[in-house]
2 protein chains.
Amino acid sequence: MFRNTVPRMLILDVFRESTVRHLTADDVYRMLVERQQPVGMATVYKVLSQFEQAGILQRNDLGQGRSVFELPMEGEEEHGHLVCSNGEVSEFTLPGLKEELSRLANAHGWRLTGYVITAYAAPAFNNNDNDTH
Amino acid sequence: MFRNTVPRMLILDVFRESTVRHLTADDVYRMLVERQQPVGMATVYKVLSQFEQAGILQRNDLGQGRSVFELPMEGEEEHGHLVCSNGEVSEFTLPGLKEELSRLANAHGWRLTGYVITAYAAPAFNNNDNDTH
DNA sequence: TTTTGTGCAAAGAGTTTGCAACTAG
DNA sequence: CTAGTTGCAAACTCTTTGCACAAAA
């Protein structure tokens, strides 16, 4: 299983060649259309999920049912996302956070399987407050 | 605006009388049906959103497009959620987290408008690993 | 009686699935 | 050959909206 197919290579290329790190399934789909190498949306979703399971891509749920995928960076720590209302997304890491959460899960007799931390922001001089996400 | 209506009171009662703190719109809807006091699903959603805006309820996005609502507790700090694969949800607070995130947002010239932190866990003696969420 | 609220049905957004045609190994 | 892959269309899940009717103030 996991054959070396054209759609899979194209999707990986998009991530490798994109200047933007975080891509939604739709971003990937449209970038492939632009490149005149369209891949069906269903395939994009299937491949992204497979890549996630294979550890080739990391999925991040940004809330409201939206996920972005990204190529893991070498030796990278788990990180959170800071999402600005202007569409920009940046990353951050909080040292010791994972250990702290693990401790909390253990206190319930559970084991931590993952976590997501997303901060929402707006441009500082923007009075429009209706986007507290 | 914001009239004192039956559906609104019923929905608030559900939260006040529920032993479970975090309720989805669907939870609320079904609890009202059980009580023989059904309220339309559209109304449930509308009222929950209004209550959120009014600060009567807090909304938490648990990822995958699902939100839970809860009654804010007196003098309560912002908190994260620890979601176990068995359906249980518990809360936790990480002192100083908000300040840290505010600092990060400021570094981008943004201001923090909110954040969500959700940790996922599984019962400790459960080998089934396919729910890393 | 004017304004706000309700709730059915329909629309959306993002994602997943069924399945017949296709293709890598 | 044949198990794995593709991609269209249809289904799904959670949530929002349009709108005619009902209820507050």
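Lettering of chains follows the sequences in order, A, B, ..., and the numbering in each one begins at 1.
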Any A/Thr5 side-chain N or O less than 4.0 Å from OP1/OP2 of D/dT6: yes
B/Met41 CE - C/dA11 C1' separation (whole Å): 16 Å
Whole-Å gap separating P (C/dG5) and CD (B/Gln50): 6 Å
Nearest to side-chain heavy atoms of B/Arg3, which nucleotide of D/dT2, C/dC8, D/dA24: D/dA24
Sugar-phosphate only, base, or nothing, as touched by A/Asp26 at under 4.0 Å among non-hydrogen atoms: nothing
Nearest heavy-atom neighbours spanning B/Phe51 and B/Ile11: CE1-CG2, 4.3 Å
Between D/dC14 (P) and B/Phe69 (CZ): distance, integer Å: 13 Å
Closest listed nucleotide, where the reference is the side chain of B/Val39 and the choices are C/dG7, D/dA24, D/dG7: C/dG7
Protein-nucleotide distance (A/Gln53, atom CD; C/dT16, atom P), rounded to Å: 11 Å
Candidates D/dC14, D/dG18, C/dA24 - which lies nearest the side chain of B/Tyr45: D/dC14
From D/dT15, D/dT2, D/dG7, nucleotide with atom closest to B/Ser67 side chain: D/dT15
Donor/acceptor link under 3.5 angstrom from B/Lys46 side chain onto base of C/dG7: yes
Whole-Å distance separating the CG atom of B/Leu48 from the P atom of C/dG7: 13 Å
Pairwise 5' ranking along DNA chain D for B/Ala25 and A/Val6, keeping only the more 5' one: A/Val6
Plane angle bin for B/His81 and B/His79 - parallel if under 30°, tilted between 30 and 60°, otherwise perpendicular: perpendicular
Nearest to side-chain heavy atoms of B/Arg8, which nucleotide of D/dA25, C/dT23, C/dT4: C/dT4
Spacing between A/Arg66 atom CZ and C/dG12 atom P, to the nearest angstrom: 19 Å
Residue pair B/Arg66 / B/Thr24: nearest heavy atoms and the distance that separates them: NH2-CG2, 4.1 Å
Nearest-angstrom distance from the residue atom CG of B/Leu32 to P of C/dT6: 12 Å
A/Met9 CE - C/dT23 C1' separation (whole Å): 15 Å
Spacing of CZ belonging to A/Arg21 relative to CD belonging to A/Glu70, to within rounding of 0.5 Å: 4.5 Å
Side chain of A/Ala42 (C-beta onward), nearest among D/dC8, D/dA24, C/dT6: D/dC8
Close side-chain approach of A/Phe92 to B/Leu101, heavy-atom, < 4.5 Å: yes
